[in-house]
There are 2 protein chains.
Amino acid sequence: MTHQSIAFHHEHNHSHCIEQALSQARSLCKARKQRLTAIRELVLRLIWQSHKPLGAYELLPALAEAGFNSAPPTVYRALDFLQAQGLVHRIASLNAFIGCPSPDAPHDGCFLICEGCRTVVELNADAIINQVQQEAQTMGFAVRQQTIEISGLCPNCRDKNA
Amino acid sequence: MTHQSIAFHHEHNHSHCIEQALSQARSLCKARKQRLTAIRELVLRLIWQSHKPLGAYELLPALAEAGFNSAPPTVYRALDFLQAQGLVHRIASLNAFIGCPSPDAPHDGCFLICEGCRTVVELNADAIINQVQQEAQTMGFAVRQQTIEISGLCPNCRDKNA
DNA sequence: ATGACAAGGGTTATACTATAACATTAAAGT
DNA sequence: ACTTTAATGTTATAGTATAACCCTTGTCAT
Ligand SMILES: [Zn+2]
Ligand SMILES: [Zn+2]
Ligand SMILES: [Zn+2]
Ligand SMILES: [Zn+2]
């Protein structure tokens, strides 16, 4: 099992995913002198509850439960921060957010989105990104950002449907 | 100049783009026994006013001017039809719609989006799509749909900024 | 310490995007 | 003509995101 595909294995030790994400976030923010406040950490933890992307409004009830203000700006501010730090990605085709498993270096994600179980896996897709760069270059186009979101069926759901 | 990149050349004969798109749409719909009604054709024509994507709500005033009902469902229905026929694509990262220059065969577009002039070009990106297929396959993932949207600067805007 | 400043968060309102549901009209097939 | 289906009109509402303003808290220089 590759590191990337771990999310497609439903029985993996997910608390490890959560703890690793939070630990990485803390050390990254510390190194960058950015403040991982209580709200921000909570939002990050909520997003990492699973490998399924969450919409901003799905986060609000949990913020309310935790005693924070739960108006939209609160969660969008936290999400903006987390995105700026590369800790979460926004999935444009779903209007939803997913934790980044490798936030050390800033990058655009490349996502496999299962339409069966809604699990999302972020690929290390250098090959795709290089291919895109190449195509763009022949058009004289200077790439700044890439949105690459692939929908379909993960191995589990594909087998079920077969 | 390649066929693909024509939209990046601001001085091209755009009425030719429009007429070709409409003529293709008429013949495709006829062949498929689908009705390209007045509203649908108008929406398609509006979208082809330029090579810049339009939001659904940007179409409403023109529909009103033409004497049609201009409530959101009207334009979304037309857009749904045009998308189903492959005549327009939705750009998820912009919540906007763009005409498809090659609607004969159904496909997911692969778009270069200029952040300077907002012009969008659809690539014939078999190479990218094959690369994506390959990456997905190694994960056991069955691709159904691809969202590939590249933002950056077109040749013109890149030169201006330099 | 203390004050000045910047960053974060609370709060209200609103903009923007998209769809549900049901009534009415127009088209197509018999 | 009659039936049936597809398209459009209409009203209401759901879902996503941001503007603007104010107050609190943290940061930092003095
Ligand atoms: Zn996990
Ligand atoms: Zn990532
Ligand atoms: Zn196309
Ligand atoms: Zn441009």
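Values reported hereafter were calculated over all heavy atoms of this structure, with side chains retained and with hydrogens, waters and symmetry mates removed. Below, read A as the first sequence line, B as the second, and so on, with proteins coming before strands; counting in each chain starts at 1.
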According to a strict under-4.0 Å criterion, is [X] in side-chain N/O contact with OP1 or OP2 of [N]?
| X | N | value |
| --- | --- | --- |
| A/Asn69 | C/dT11 | yes |
| A/Arg35 | D/dT25 | no |
| A/Asn95 | D/dA17 | yes |

Polar contact flag, side-chain donor to acceptor under 3.5 angstrom, B/Asp104-B/Ser102: no

Polar contact flag, side-chain donor to acceptor under 3.5 angstrom, A/His89-A/His107: yes

Find the distance [X]:[atom1] to [N]:[atom2] and express it as a whole number of Å.
| X | N | atom1 | atom2 | answer |
| --- | --- | --- | --- | --- |
| A/Glu58 | D/dT16 | CD | P | 7 Å |
| B/Leu79 | C/dA18 | CG | C1' | 11 Å |
| A/Gln34 | C/dG8 | CD | C1' | 12 Å |
| B/Ile39 | D/dT10 | CD1 | P | 11 Å |
| B/Leu63 | D/dT10 | CG | P | 13 Å |
| B/Leu94 | D/dT16 | CG | P | 18 Å |
| B/Phe81 | C/dT19 | CZ | P | 17 Å |
| B/Leu36 | D/dA7 | CG | P | 11 Å |

Of the listed nucleotides C/dG9, D/dT8, D/dG9, the one nearest the side chain of B/Thr37: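 Of the options given, the side chain of B/Thr37 lies nearest D/dT8.
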
Stacking of B/Tyr57 on C/dC16 base (centres under 5.5 Å, planes under 30°):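 Per 5.5 Å and 30° rule: no stacking.
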
5' precedence on DNA chain D between A/Arg90 and B/Gly67 (nearest-nucleotide basis): B/Gly67

Side-chain donor/acceptor of B/Arg26 to backbone N/O of B/Leu36, under 3.5 Å: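 Side chain of B/Arg26 to backbone of B/Leu36, a donor-acceptor pair under 3.5 Å: no, none is there.
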
Rounded distance (nearest 0.5 Å) linking atom CG of B/Leu59 with atom CG of B/Leu46: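 Going from the CG atom of B/Leu59 to the CG atom of B/Leu46 covers 5.5 Å.
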
Pairwise distance CD(A/Gln85) to CD(A/Gln34) - rounded to 0.5 angstrom: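 Those atoms lie 4.5 Å apart.
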
Of A/Ala71 and B/Arg77, the one whose closest DNA chain C nucleotide lies more 5':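 Here A/Ala71 is the residue nearer the 5' end.
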
Side chain A/Tyr76 and base D/dA19 donor-acceptor under 3.5 Å: no

